[in-house]
Amino acid sequence: MTAVEEFKSSLRGYLLRPGDTAYDEARKLWNGMFDRRPAMIVRCAGAADVIGAVKVARRDGLRVAVRGGGHSFPGHSVCDEGLVIDLSCMKAIRVDPGARTARAQAGVKWIEFDQETQAFGLATTGGTVSDTGIAGLTLGGGLGWLSGKYGLTIDNLISADVVVADGRLLTASPSQNQDLFWGLRGGSGNFGVVTSFKYHLHAVGPTVLAGMVIYPLAKIKEVLRFYRDFSKAAPDDLTTYAGIFNPPNGDTVVALICCYCGPLDKGDAVIHPLRSLGSPVQDMLGPTAYVAHQRMFDPAFPTGSCYYTKAAFLTDLVDNAIEVFAEYAATKPSPLSGVLVQTVCGAASRVASDEMAFPHRAFPYAPVIVSQWTNPAEAEKNISWARSFSNALQPFASGGAYVNDLGQDDEDRVRVAYGGNYERLAALKKKYDPENIFCLNPNIKPGS
Ligand SMILES: Cc1cc2nc3c(=O)[nH]c(=O)nc-3n(C[C@H](O)[C@H](O)[C@H](O)COP(=O)(O)OP(=O)(O)OC[C@H]3O[C@@H](n4cnc5c(N)ncnc54)[C@H](O)[C@@H]3O)c2cc1C
């Protein structure tokens, strides 16, 4: 028996290699820009398979990619030649309604998590596109519609089980391996393969006041100025983003998008100002199922399109920055491209920047510029629009970036994404992954 056959027979899940029927489907990512051919894809059934895969990769010096929901913007979750540790079949979720907690395995997507937790009227902060994975999103921080009230996803993390580089499975929590727990909350996939996460849940919905008010592009400056002032003063129950996009077959618009998760009878007055700017193209604000709101953006981000992103943190949305948004909104080369301005607001902003690895608590606005196209010949103009837009925003940027929204950025940009926590993260990397076998991520180099 060859070493590969021996490895294959040791798995509870299965091993895919070039030529296997499911191989081509399994190596596809959400971002169609990447067409990589790993030597092996291990579709893990549980922690034992993850441990086996990490040990084989280390023994054979294989490049390792780790895949949760497969939505890495820069395509980190598949590699050429090496081994993909694919967690997408690990889907168990257990909600404890009494304790208001949920444990979920690392292949779970937000649609699945939300559906299970909402059966009990519970939720935690999660991504705003339901097809994204809980794993990658949690490990980078986790901005979502509940951030204002309940903080980032990592602010709700109780513990995680992690297979570290030497193949040990460790639990990281406030009482076990505390340093690892600190690093997992914003340090991306640098410290090992998380097999399951345990989260705090909160009473949410099932009906929330949410949706968007869409205004014509001609009003963009007025809308963004309103957004700046309104989002700063908003109560924690309300999280508001601004978006620039094209509705299907429509002209470019600017929208105020929100989720109010407080008492419904008080919500109308809170969200009313969002519709006060006059002459909207469409007013889609109202009582909505929380799970429906979590799926609202799904059609805009189909699997298989090509995507290129640029992200920044702005300390404020000053008028000159708004001019930049207006200029680039008007010159979008693809109707599929757009910008979402998220906020690190309310509870998410009231955590010290060194309390966990995610450092950017004091920067309220987090624009993510997303270029999307389907014809490969259009790559250059779309990439250059995003780059040039991002460069034009630099004078107003804090210097930091949200690690989960990084695109194919250079090492310097990755470093600033970890801000003042980088050195502590590098020391932790040396402790848990001294050979940097988990290097396909916004990578932290092991400290000296
Ligand atoms: C359409 C879209 C919408 C998004 N919306 C939001 C949003 O609302 N809020 C937000 O905060 N972010 C958002 N993001 C960014 C998102 O958080 C990241 O893309 C995240 O990495 C996706 O996680 P994943 O598990 O789907 O991705 P994957 O591609 O599977 O993983 C990404 C990386 O995370 C690491 N990783 C994944 N699983 C594990 C694991 N189990 N153990 C260790 N490392 C692991 C690996 O380094 C991997 O390369 C969005 C992204 C997209 C594409």
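For ligands, and for the atoms within them, numbers begin at 1 and follow the listed sequence.
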Original post:
Any heavy atom of G70 sitting closer than 4.0 Å to ligand 1?
Top reply: yes
**OP:** Quick one: look up the protein heavy atom nearest atom 11 (O) of ligand 1 and list residue, atom name and how far away it is.
**Re:** Y402 OH, 2.5 Å
Subject >> Inter-residue atom distance R295.CZ - D114.CG, 0.5 Å rounding >> reply: 8.5 Å
**OP:** Verify the contact flag for atom 33 (C) of ligand 1, where contact means a protein heavy atom under 4.0 Å away.
**Re:** no
**OP:** Using a strict cut-off of 4.0 Å, indicate which atoms of ligand 1 neighbour a heavy atom of T128.
**Re:** 5 (N), 7 (C), 8 (O)
**OP:** Please report the closest heavy-atom contact between Y307 and F301, naming both atoms and the distance.
**Re:** OH-C, 3.0 Å
**OP:** Only one of D155, D237, D236 passes salt bridge (charged side-chain N to carboxylate O under 4.0 Å, His left out) with K149; say which it is.
**Re:** D237
**OP:** Return a yes/no value for G136: is any of its N or O atoms, backbone included, closer than 3.5 angstrom to an N or O of ligand 1?
**Re:** yes
Original post:
Looking only at protein heavy atoms, which one is nearest to atom 38 (N) of ligand 1, and how far off is it?
Top reply: A135 CB, 3.3 Å
Original post:
So is there a nitrogen or oxygen of V193 less than 3.5 Å from a nitrogen or oxygen in ligand 1?
Top reply: no
Subject >> Mode of D405 contact toward ligand 1 - side chain, backbone, both, neither (heavy atoms, under 4.0 Å) >> reply: side chain
**OP:** For the residue pair Y328 and F389, categorise the inter-ring angle as parallel (less than 30°), tilted (30 to 60°) or perpendicular (more than 60°).
**Re:** parallel
Original post:
Which one holds for Y307 and ligand 1: side chain close, backbone close, both close, or neither close, with close meaning a heavy atom under 4.0 Å?
Top reply: neither
Subject >> Backbone or side-chain N or O of G127 under 3.5 Å from ligand 1 N or O >> reply: no
**OP:** Measure across R387 and K310 and return the closest heavy-atom pair with its distance rounded to 0.1 Å.
**Re:** CG-CE, 4.0 Å
**OP:** Give me the ring orientation class for F226 and F230: parallel if the planes are under 30° apart, tilted from 30 to 60°, perpendicular past 60°.
**Re:** parallel
Subject >> Which atom of L406 lies closest to which atom of P74, heavy atoms considered >> reply: O-CD, 3.6 Å
Original post:
Parallel, tilted or perpendicular: which fits the ring planes of F191 and Y432, with parallel below 30° and perpendicular above 60°?
Top reply: perpendicular
Original post:
Which atoms of ligand 1 sit under 4.0 Å from any heavy atom of G142?
Top reply: 11 (O)
Original post:
Is the shortest N/O to N/O distance between N404 and ligand 1 below 3.5 Å?
Top reply: yes
**OP:** Give the single entry among T132, V64, V66 that approaches atom 46 (C) of ligand 1 most closely by any heavy atom.
**Re:** V66
**OP:** Check the angle between the aromatic planes of Y199 and F197 and answer parallel, tilted or perpendicular using the 30° and 60° thresholds.
**Re:** parallel
**OP:** Flag N441 as yes when one of its N or O atoms lies below 3.5 Å from any N or O atom of ligand 1, and as no otherwise.
**Re:** no
Original post:
Where on W30 is there a heavy atom closer than 4.0 Å to ligand 1, on the side chain, on the backbone, on both, or on neither?
Top reply: side chain
Original post:
From C258 SG over to L209 CG, what is the distance, rounded to the nearest 0.5 angstrom?
Top reply: 8.0 Å
Original post:
When you measure from atom 36 (N) of ligand 1 to each heavy atom in I134, L184, V84, L139, which option holds the nearest one?
Top reply: L139
Subject >> Where ligand 1 meets L440 - atom numbers and elements under 4.0 angstrom, heavy-atom basis >> reply: 47 (O), 49 (O)
Original post:
Where the side chain of S337 meets the backbone of P335, is there a donor-acceptor pair that is under 3.5 Å apart?
Top reply: no
Original post:
Is there a side-chain contact between L201 and V95 (heavy atoms, below 4.5 Å)?
Top reply: yes
Subject >> Under-4.0 Å salt bridge between R12 and D49 >> reply: no
**OP:** Check L143, T125, V351 against L152 for a side-chain contact (heavy atoms from CB on, under 4.5 Å) and give me the one that passes.
**Re:** L143
Original post:
At what distance is the nearest protein heavy atom to atom 10 (C) of ligand 1, and which residue and atom is it?
Top reply: L137 CD1, 3.4 Å
Original post:
How close does the nearest protein non-hydrogen atom get to atom 49 (O) of ligand 1, and which residue and atom is it?
Top reply: H76 CB, 3.2 Å
**OP:** Any atoms of ligand 1 less than 4.0 Å from a non-hydrogen atom of A106? List them with their elements.
**Re:** 41 (N)
Subject >> Closest protein heavy atom to atom 26 (O) of ligand 1, given as residue, atom name and distance to 0.1 Å >> reply: G133 N, 2.8 Å
Original post:
Nearest protein heavy-atom contact for atom 52 (C) of ligand 1: which residue, which atom, what distance?
Top reply: F73 CZ, 3.6 Å
Original post:
Which bit of T153 gets closer than 4.0 Å to ligand 1, counting heavy atoms only: side chain, backbone, both or neither?
Top reply: neither
Original post:
Starting from atom 25 (O) of ligand 1, which protein heavy atom do you reach first, and at what distance in Å?
Top reply: G69 N, 2.8 Å
Subject >> Under 4.0 Å to a heavy atom of G192 - the qualifying atoms of ligand 1, by number >> reply: 42 (N), 43 (C)
Original post:
Hey, does H71 come in under 3.5 Å of ligand 1, counting only N/O atoms on both sides?
Top reply: yes
**OP:** Between L87 and ligand 1, find which residue part has any heavy-atom pair under 4.0 Å and reply side chain, backbone, both or neither.
**Re:** side chain
Subject >> Mutual orientation of the aromatic rings belonging to W145 and F297 [parallel < 30°, tilted 30-60°, perpendicular > 60°] >> reply: tilted
Subject >> Interatomic spacing from CG in L184 to CZ in F181 - rounded to 0.5 Å >> reply: 8.0 Å
**OP:** Please determine if L143 has a nitrogen or oxygen closer than 3.5 Å to a nitrogen or oxygen of ligand 1.
**Re:** yes
Original post:
Counting both backbone and side chain atoms, is some N or O of V194 under 3.5 Å from an N or O of ligand 1?
Top reply: yes
**OP:** Report yes if the distance between the aromatic ring centroids of Y308 and W373 is under 6.0 Å, otherwise no.
**Re:** no
Original post:
Looking only at protein heavy atoms, which one is nearest to atom 29 (O) of ligand 1, and how far off is it?
Top reply: S77 OG, 2.5 Å
